Visitor: 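Below is the structure I would like to discuss, written out as structure tokens.
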Amino acid sequence: MYSVYEQITEQIKTVIKNAINQAVSNGELPEADIPDIMLEKPREEAFGDLSTNLAMQMAKPVKMAPRHIAQSILKHINTEGTFINKVDVAGPGFINFYLNNEWLYKTLRLIDERQEGYGEINIGNGEKVMVEFVSANPTGPLHMGNARGGALGDCIASVLEKAGFDVTREYYVNDAGNQMEKFGISLEARYLQQLKGEDSIPFPEDGYHGEDIIDHVKDYIKEYGSNLLDKSPEERRKALIEYALPRNLKRIHDGLTRYRINYDVWFRESTLYESEIEETINLLKERGYIIEKDGALWLNGEKAGLEKDEVLIRQNGFPTYMAADIAYHRNKFIKRGFDRVINLWGADHHGHVARMKAAMEAIGISKDRLHIVLFQLVHLYKNGEIARMSKRTGRTISLDDLLDEVGIDAARFFFNMKTSGSHLDFDMDLAVEQSNNNPVFYVQYAHARICSILRKLAEENIKRIPSEKVNLTLLTQPEELALIKKLAEYPEEIRMAAQTLEPSRLTHYVMDVASGFHSFYNACRVKGEDEDLLQARLFLIHCTKIVIKNVLDLIRIDAPEKM
RNA sequence: GUGCCUGUAGCUCAGCUGGAUAGAGCAACGGCCUUCUAAGCCGUGGGUCCGGGGUUCGAAUCCCUGCAGGCACGCCA
């Protein structure tokens with residue numbers, strides 16, 4: 001069992017179905033298919049713990065007033081042997097279920113039993129899922145878009161792991177194609193400028209203008225001098241790329257490691273050029289999706305359901321980015337056998353979504369197996385205004401700069417506070433603020449506070465007694481019950497986060513748990529209460545600590561024992 | 001021009017597979033430390049859910065339309 005909630009949901013559904021069958025056999029309700037029973041937590045506490053709109057949904061097929069249907073169901077409901085305390089009908093025809101506290105106590109025992117496993121569910125059944133994220137061009141440093149995509153992608157992967165999927169984290173290294181050409185040309189131009197003067201050669205308009213290109217070249221010259229001046233341009237570029245690319249990759253790798261992102265696979269685009277792109281084109285040819293036009297090979301847009309044809313192999317014989325990307329996804333699905341693939345892309349790539357999905361169908365893969373999570377761009381705010389450049393270096397702010405300034409915890413938490421689809425304003429001042437304004441501290445403080453109580457009790461030699469000896473029924477204060485209810489929701493939160501691919505609900509959730517704990521802390525004492533109550537509350541904060549820790553571990557931020 | 005995303009409290013945003021009186025945090029205002037961390041808690045005020053139609057017993061949520069902001073429409077990636 002993953003959650004008591006799950007068990008209750010089943011109980012209620014069974015109870016309702018039985019009641020309907022009773023009512024039908026008594027002739028009170030006409031025979032009809034029972035729709036899927038939807039249970040949800042009512043907004044108002046006064047409406048019970050769980051509620052269903054079933055009677056309203058049945059109104060039309062059954063041709064009876066919703067309230068009347070609800071009453072008939074209510075009349076035959078038998079709650080014996082369940083957690084249900086009371087049932088009533090309210091509003092336009094809601095059936096509200098009120099639970100007895102037993103389920104809450106059972107939830108605490110479950111948390112204690114499962115420990116770090118509490119929250120894990122199994123909707124994935126070990127299905128193989130790849131999450132591919134960041135995949136920044138290795139031509140320069142990581143920027144804010146990569147920072148957001150990184151935090152998001154890593155948390156999506158973690159959520160899916162908790163939800164029972166077999167997850168692989170992957171970074172696609174774009175070390176081939178046109179941009180490597182541009183990288184080489186840019187390096188070469190800077191190299192010549194360094195050695196022969198700024199004006200010796202104009203810098204290519206579509207080259208990489210970043211300062212980092214100049215840094216590579218300066219370092220190269222420091223090490224190897226001007227040995228490339230009398231080489232052919234091809235050799236020169238090759239040598240410079242071979243020097244700079246590993247440096248960039250190392251920097252990206254180290255930056256992401258520092259950011260607590262660890263990939264299972266670094267997949268190199270260049271490996272696709274050995275044979276897979278060709279194989280992919282052949283596959284598309286066989287399936288009749290390739291047309292020849294203007295000396296190039298195109299994906300047949302009409303057949304694929306796209307607005308226009310897309311070039312796959314250029315006139316000059318080189319494959320386009322899209323051809324490589326199709327081959328890459330063929331590799332993911334067909335060669336490596338992933339059931340589902342999730343890609344995180346900046347919103348500026350949204351135009352590519354429909355194309356890739358169509359391409360999947362063209363190679364015989366259902367487009368539903370490919371999920372694209374688009375995330376909106378980030379604006380950094382500092383001192384109330386948009387910050388684009390690092391004051392220190394005068395360059396665009398990199399992931400490393402951000403981590404230097406706000407720390408890893410704040411960055412990972414803040415990037416997961418908003419849904420991926422919404423624009424994100426990152427307030428750098430708030431992120432370093434040590435106050436209740438800062439949600440990261442708010443949550444971490446709750447954890448530290450619990451640890452502090454545990455320490456204080458330990459100083460007095462008070463320890464938890466075995467859980468079966470704790471009398472949890474002593475937990476009856478509203479703050480205690482509210483807190484346990486929050487803790488009970490965690491597996492459900494994981495399920496929702498996994499289904500929607502939105503880990504942002506977990507940062508909100510853990511803030512709620514922290515809030516519930518702080519309220520409890522101000523209303524109830526642990527230390528100094530009589531033995532039985534002390535043990536019950538000790539058990540409660542022990543469970544609260546487990547849940548907060550579990551969520552923070554999932555987001556991969558610290559859960560400090562002291563602050 | 002065509003397509004996609006966004007528009008909810010002063011600010012930042014949840015809610016969006018239709019449900020009960022639209023929520024949270026921050027900001028504002030007023031309270032709470034002789035007791036386990038006040039980096040905390042409790043309370044008050046605050047809304048044309050961008051506008052206009054439609055579907056429905058019921059719409060912030062679905063459909064149509066208009067407006068505003070962002071993005072994409074390359075033999076770039």
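In what follows, chains carry the letters A, B, and so on, assigned in the order in which the sequence lines appear, proteins first and then strands, with residues in each chain numbered from 1. The model shown is predicted, which means the values in this text are computed figures rather than measured ones.
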Visitor: So A/S452, base contact, sugar-phosphate only, or nothing? Heavy-atom distance under 4.0 Å.
Guide: base
Visitor: Just name whichever nucleotide pairs with B/rG46, Watson-Crick or G-U, keeping both distances under 3.5 Å, else none.
Guide: none
Visitor: Using the side chain to side chain contact (heavy atoms under 4.5 Å, CB included) rule, take A/K527 and A/L457 through it: C-alpha gap first, then chi angles, then the decisive distance, then the call.
Guide: CA-CA 7 Å; A/K527 202 170 145 241; A/L457 291 172; 3.6 Å; yes
Visitor: To the nearest angstrom, how far is A/K463 atom NZ from B/rC36 atom C1'?
Guide: 19 Å
Visitor: Given that both distances must come in under 3.5 Å, which nucleotide forms a Watson-Crick or G-U wobble pair with B/rC4?
Guide: B/rG70
Visitor: So which nucleotide does B/rC32 pair with, by the Watson-Crick or G-U wobble rule with both distances under 3.5 Å?
Guide: B/rG40
Visitor: Is there a side-chain polar atom (N or O) of A/T419 under 4.0 Å from OP1 or OP2 of B/rG15?
Guide: no
Visitor: Answer with yes or no whether the side chains of A/Q444 and A/D558 bring together a donor and an acceptor at under 3.5 Å.
Guide: no
Visitor: Map A/K562 and A/H518 onto RNA chain B by nearest heavy atom, then report which one ends up closer to the 5' terminus.
Guide: A/K562
Visitor: Taking atom P of B/rA38 as reference, at what distance in whole Å does atom OH of A/Y442 sit?
Guide: 13 Å
Visitor: Taking pairing as Watson-Crick or G-U wobble with both contacts under 3.5 Å, can you name the mate of B/rC11, or confirm there isn't one?
Guide: B/rG25
Visitor: In whole angstrom, give the distance that lies between atom OH of A/Y445 and atom P of B/rC36.
Guide: 11 Å
Visitor: When you compare B/rG3 with B/rC64, how far apart are their P atoms, in angstrom units rounded to a whole number?
Guide: 11 Å
Visitor: For A/L540, run the side chain to side chain contact (heavy atoms under 4.5 Å, CB included) check against A/L474, A/V470, A/I484 and tell me which one passes.
Guide: A/I484
Visitor: With both distances under 3.5 Å as the test, what is the Watson-Crick or G-U wobble partner of B/rG18?
Guide: none
Visitor: For B/rG47 and B/rG23, measure between their P atoms and round to the nearest Å.
Guide: 13 Å
Visitor: In whole angstrom, what separates A/K418's NZ from B/rC26's P?
Guide: 14 Å
Visitor: Without hydrogens or angle criteria, can the side chains of A/Q376 and A/S420 be said to hold a donor-acceptor pair below 3.5 Å?
Guide: no
Visitor: Polar atom pairs between nucleotides 42-44 of chain B and protein, under 3.5 Å, N or O only, would you list them?
Guide:
| unit_1 | atom_1 | unit_2 | atom_2 | d |
| --- | --- | --- | --- | --- |
| B/rC42 | OP1 | A/S519 | OG | 2.8 |

Visitor: For B/rC33, does the O4'-C1'-N9-C4 (purine) or O4'-C1'-N1-C2 (pyrimidine) torsion place it in syn, i.e. within 90° of 0, or in anti?
Guide: syn
Visitor: In terms of the angle between their ring planes, are A/Y321 and A/H352 parallel, tilted or perpendicular, with boundaries placed at 30° and 60°?
Guide: tilted
Visitor: Provide, to the nearest angstrom, the distance between the CG atom belonging to A/L424 and the P atom belonging to B/rG25.
Guide: 20 Å
Visitor: Which pairs pass side chain to side chain donor-acceptor pair (under 3.5 Å) with one or both residues in residues 87-98 of chain A, sequence neighbours excluded?
Guide: A/S51-A/N96, A/D88-A/Y98
Visitor: Hydrogens and angles aside, do A/S270 and A/D175 bring a side-chain donor and acceptor to less than 3.5 Å of each other?
Guide: yes
Visitor: Taking protein heavy atoms under 4.0 Å as touching, what does nucleotides 69-77 of chain B look like 5' to 3' if B marks base contact, S marks sugar-phosphate-only contact and - marks none?
Guide: -SBSS-BSB
Visitor: Can you give each donor-acceptor pair under 3.5 Å made by side-chain atoms of residues 294-303 of chain A, sequence neighbours left out, with the distance rounded to 0.1 Å?
Guide:
| unit_1 | atom_1 | unit_2 | atom_2 | d |
| --- | --- | --- | --- | --- |
| A/W298 | NE1 | A/K293 | O | 3.0 |
| A/N300 | OD1 | A/E302 | N | 3.1 |
| A/N300 | OD1 | A/K303 | N | 3.1 |
| A/K303 | NZ | A/R287 | O | 3.0 |

Visitor: Contact class for A/A65 (heavy atom, under 4.0 Å): base, sugar-phosphate, or nothing?
Guide: nothing
Visitor: Ignoring backbone atoms, establish whether A/K456 has a side-chain N or O less than 4.0 Å from OP1 or OP2 of B/rU37.
Guide: yes
Visitor: For the P atoms, the ones on B/rC26 and on B/rG7, what distance do you get once it is rounded to whole angstrom?
Guide: 23 Å
Visitor: For B/rG15, does either OP1 or OP2 sit under 4.0 Å from a side-chain N or O belonging to A/R505?
Guide: no
Visitor: Passes side chain to side chain contact (heavy atoms under 4.5 Å, CB included), A/S504 versus A/T419? Steps please.
Guide: CA-CA 6 Å; A/S504 62; A/T419 54; 3.6 Å; yes
Visitor: Just name whichever nucleotide pairs with B/rG51, Watson-Crick or G-U, keeping both distances under 3.5 Å, else none.
Guide: B/rU65
Visitor: Look at the aromatic rings of A/F415 and A/F426 and report parallel, tilted or perpendicular, splitting at 30° and 60°.
Guide: tilted
Visitor: In whole angstrom, give me the gap between the P atoms of B/rU12 and B/rU8.
Guide: 8 Å
Visitor: Give a yes/no answer on whether the side chain of A/Y521 brings an N or O atom under 4.0 Å of OP1 or OP2 in B/rA38.
Guide: yes
Visitor: In whole Å, measure the gap between the C1' atoms of B/rG51 and B/rC67 for me.
Guide: 7 Å
Visitor: Provide, to the nearest angstrom, the distance between the CD atom belonging to A/E479 and the C1' atom belonging to B/rC41.
Guide: 10 Å
Visitor: Considering only atom C1', compute the distance from B/rA9 to B/rA24 and round it to an integer number of Å.
Guide: 11 Å
Visitor: Does anything in residues 529-548 of chain A form a ring pair (Phe, Tyr, Trp, His ring centres under 6.0 Å)? List the pairs, not counting sequence neighbours.
Guide: A/F539-A/H542
Visitor: Establish, for the pair A/K86 and A/F97, whether the NZ or CZ atom is under 6.0 angstrom from the six-membered ring centre and no further than 45 degrees off its axis.
Guide: no
Visitor: So what does A/A446 hit on the nucleic acid, given a heavy-atom distance under 4.0 Å: a base, only sugar-phosphate, or nothing?
Guide: nothing
Visitor: Have a look at A/D36 and say if it touches a base, only the backbone sugar-phosphate, or nothing, with a 4.0 Å heavy-atom cut-off.
Guide: nothing
Visitor: For A/N343 and A/K332, which I'm curious about, is there any donor-acceptor pair between the side chains at under 3.5 Å?
Guide: yes
Visitor: For A/Y328 and A/L272, run side chain to side chain contact (heavy atoms under 4.5 Å, CB included): C-alpha distance rounded to whole Å, both residues' side-chain angles, the deciding distance at 0.1 Å, then the answer.
Guide: CA-CA 7 Å; A/Y328 180 36; A/L272 297 168; 3.7 Å; yes
Visitor: Given atom CD of A/E493 and atom C1' of B/rG15, what is their separation to the nearest angstrom?
Guide: 12 Å
Visitor: May I have the distance from A/E502 (atom CD) to B/rG15 (atom C1'), rounded to whole angstrom?
Guide: 13 Å
Visitor: Does any residue of residues 524-531 of chain A have a heavy atom under 4.0 Å from RNA chain B, and if so, which ones, in number order?
Guide: A/C524, A/R525, A/V526, A/K527
